[in-house]
Amino acid sequence: MTIAERTTKAPRSARRPRWVARATVLWAVLYAGFGLAAALSGTSLLPFGGGSGAPVLSWAVVALGVSAALLSAAVVRYGPRPLLRVLLQVSCGLAGITAFSLLMDVITLMVGQGVDNSAAAVNKALAAVGAVLLAATARSDHRDAGTEARAPSAAPRPARLSAWAGTLAFVPYAVMKLIWAFGGTFAGTTGAEMLAVSERNGASGTFLTLASWGLDPTVLLAVLGVFLLWGLVRPWGQVFPRWTLFLHGRRVPRWLPLAPALLGAATLVPYGVVGAGYLALVTAGAVTMGRGDFPSPGDALLVGWIGIFAFAVYGIALTVAARSYWLRTRALPTGVRQGAHQDV
């Protein structure tokens with residue numbers, strides 16, 4: 001039976017045992033221990049090393065881990081009472097903020113470069129796991145009546161338009177990168193010079209080989225990002241299409257596209273807003289900007305705007321698409337007509 005056929009089932013949250021809360025307790029104890037070890041050893045959890053705020057952040061990690069452990073233990077003992085749900089949601093938000101820029105670390109590792117601070121990267125990864133567990137614990141034992149799976153559907157027109165915007169935003173970025181990949185000159189810098197910069201920054205041999213072949217790895221990652229974006233707004237993102245062979249006709253697990261989408265949106269939207277604000281100040285002459293690896297500050301500003309525009313618009317589009325996907329894949333109460341609850 002394919003996913004297009006309507007099936008009645010009990011909601012997943014109604015069947016979820018309290019092992020989720022117990023798993024969250026274990027994570028919280030581990031996270032608090034990680035923060036304590038960082039605080040006592042003087043290890044900075046800031047992305048770029050030390051600073052006056054480094055010890056404060058380590059103790060904040062300890063506080064978040066201890067509070068999350070106490071809240072999750074209370075859920076195991078008393079169940080998810082309303083006040084506990086609210087406090088867990090607050091903790092989930094704090095963990096999500098802590099995990100900010102994890103996607104950038106993942107991309108950096110994927111293109112063969114090292115992260116600026118390994119301890120900070122581990123902190124963000126642990127916080128991301130905790131955000132998921134805390135959210136699941138807050139919803140544990142949340143019961144509804146019987147539910148029906150929705151039939152696969154395309155996103156409403158505004159979400160589809162946002163997907164087009166997110167796709168087209170990468171065009172200038174891809175053109176710039178491909179000019180360099182094929183040995184051309186952009187912003188006063190040749191492809192050979194950019195390859196030398198990548199090598200100096202510690203890029204892997206695979207990255208350098210692909211770049212020398214005209215296959216910029218960051219453009220390939222952008223293609224994957226666009227693929228994810230369209231999967232969130234088209235029906236094939238809810239049911240595996242024909243080209244997936246033996247998976248054809250099966251439902252796509254909600255977490256499979258939503259996990260990277262939410263991580264990407266949580267990273268790219270604030271990154272784009274902050275970056276665009278900074279570049280706007282530079283453009284207005286309010287602050288100065290170094291030239292970096294480029295011949296002049298103007299060249300660096302041009303490249304900065306192209307990159308920030310791509311990531312900011314894509315991040316917003318990803319947010320809109322993820323929200324639409326979330327709403328379109330929610331289970332319907334039994335007996336509710338398909339299509340009666342569509343997001344707008």
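FYI, the numbering just counts along the sequence from 1. The structure presented is a predicted model; accordingly, all values stated were derived computationally and were not measured.
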Q | Nearest heavy-atom neighbours spanning Pro260 and Trp255 | A | CD-O, 4.0 Å

Q) Is the count of non-hydrogen atoms from other residues, nucleotides or ligands lying under 6.0 Å from Trp326 atom CH2 greater than 12? A) no

**Q.** Residues Ser72, Thr137; criterion side chain to side chain donor-acceptor pair (under 3.5 Å); working and verdict
**A.** CA-CA 7 Å; Ser72 303; Thr137 302; 4.9 Å; no

Q: Taking all heavy atoms of Pro295 and all of Gly188, pick out the closest pair and write down the distance.
A: CG-O, 3.1 Å

Q: Answer whether the closest heavy-atom distance between the side chains of Ser58 and Thr43 falls below 4.5 Å.
A: no

Q: Show your reasoning for whether side chain to side chain contact (heavy atoms under 4.5 Å, CB included) applies to Leu30 and Leu26.
A: CA-CA 6 Å; Leu30 172 64; Leu26 293 176; over 6 Å; no

Q. What pair of heavy atoms forms the shortest contact from Ala21 to Val75, and how long is it?
A. CB-CG1, 3.8 Å

Q | ILVMFWY cluster, Leu168 and Val223 together (side-chain gap under 4.5 Å) | A | no

Q) Which value, rounded to the nearest 0.5 Å, describes the distance between Cys92 atom SG and Leu71 atom CG? A) 12.0 Å

(Q) Is any side-chain heavy atom of Asp299 closer than 4.5 Å to one of Thr189? (A) no

Q: Report yes if some heavy atom in the side chain of Leu232 is under 4.5 Å from a heavy atom in the side chain of Leu318; otherwise report no.
A: yes

Q) Where does the angle between the aromatic ring planes of Phe170 and Tyr314 fall among parallel (under 30°), tilted (30 to 60°) and perpendicular (over 60°)? A) tilted

Q: Spell out, as yes or no, whether a donor-acceptor pair under 3.5 Å connects the side chain of Arg234 to the backbone of Gly237.
A: no

Q) At what distance, to the nearest 0.5 angstrom, does CZ of Arg157 lie from CH2 of Trp164? A) 12.5 Å

Q.
Nearest 0.5 Å, please: how far is CG in Asp293 from CD in Glu193?
A. 10.0 Å

Q: Enter the distance from Leu70:CG to Leu87:CG here, rounded to the nearest 0.5 Å.
A: 11.0 Å

Q | Heavy-atom side-chain contact between Arg328 and Pro156 under 4.5 Å | A | yes

Q. With Tyr173, which of Phe311, Trp305, Phe309, Trp180 fulfils ring pair (Phe, Tyr, Trp, His ring centres under 6.0 Å)?
A. Phe311

(Q) How close do Pro270 and Ala265 get, counting heavy atoms only, and between which atoms? (A) CD-O, 3.8 Å

Q) Which distance, rounded to the nearest 0.5 Å, do you find between the CG of Leu302 and the OG1 of Thr283? A) 10.0 Å

(Q) Is any side-chain heavy atom of Leu221 closer than 4.5 Å to one of Leu224? (A) yes

Q: Look only at the side chain of Ser162 and the backbone of Ala159, and say whether a donor-acceptor pair between them is shorter than 3.5 Å.
A: yes

Q) Same cluster or not: are Val25 and Trp19 linked, directly or through other Ile, Leu, Val, Met, Phe, Trp or Tyr residues, by side-chain heavy atoms under 4.5 angstrom apart? A) no

Q. Does the Ser67 side chain pair with the main chain of Leu64, one donor and one acceptor, at a distance under 3.5 Å?
A. yes

(Q) Within the structure provided, determine whether Tyr278 and Met289 are in side-chain contact (heavy-atom separation under 4.5 Å). (A) yes

**Q.** Closest approach of Ala119 to Ser44 (non-hydrogen atoms, all atoms of both residues)
**A.** CB-O, 3.8 Å

Q: Spell out, yes or no, whether Phe34 and Val129 are grouped together once hydrophobic residues are joined by side-chain heavy atoms under 4.5 Å, including indirect joins.
A: yes

Q: Would you check if Ser153 and Gln238 make a side-chain contact, meaning some heavy-atom pair closer than 4.5 Å?
A: yes

Q | Euclidean distance, Ile179 CD1 relative to Thr190 OG1, rounded to 0.5 Å | A | 12.5 Å

Q) Hey, any chance Val62 and Leu40 share a hydrophobic cluster, counting ILVMFWY side chains that come within less than 4.5 Å of each other, even indirectly? A) yes

Q. When hydrophobic residues are tied together by side-chain contacts of less than 4.5 Å, even through go-betweens, does Leu256 share a cluster with Trp243?
A. yes

Q.
Determine whether a donor-acceptor pair (N or O, by modelled atom type, separation under 3.5 Å) exists between the side chain of Arg254 and the backbone of Tyr325.
A. no

(Q) Using side-chain heavy atoms (C-beta onward) and a distance below 4.5 Å, is Thr167 in contact with Trp230? (A) yes

Q) Can you name the closest pair of heavy atoms from Gly275 and Ile308 and give their distance? A) CA-CD1, 3.8 Å

Q: Test Trp27 against Tyr31 for ring-ring contact (aromatic ring centres under 6.0 Å, His included), laying out the working first.
A: CA-CA 6 Å; Trp27 165 83; Tyr31 193 55; 5.1 Å; yes

Q | Parallel, tilted or perpendicular, as decided by the 30° and 60° cut-offs, for the rings of Trp236 and Phe227 | A | tilted

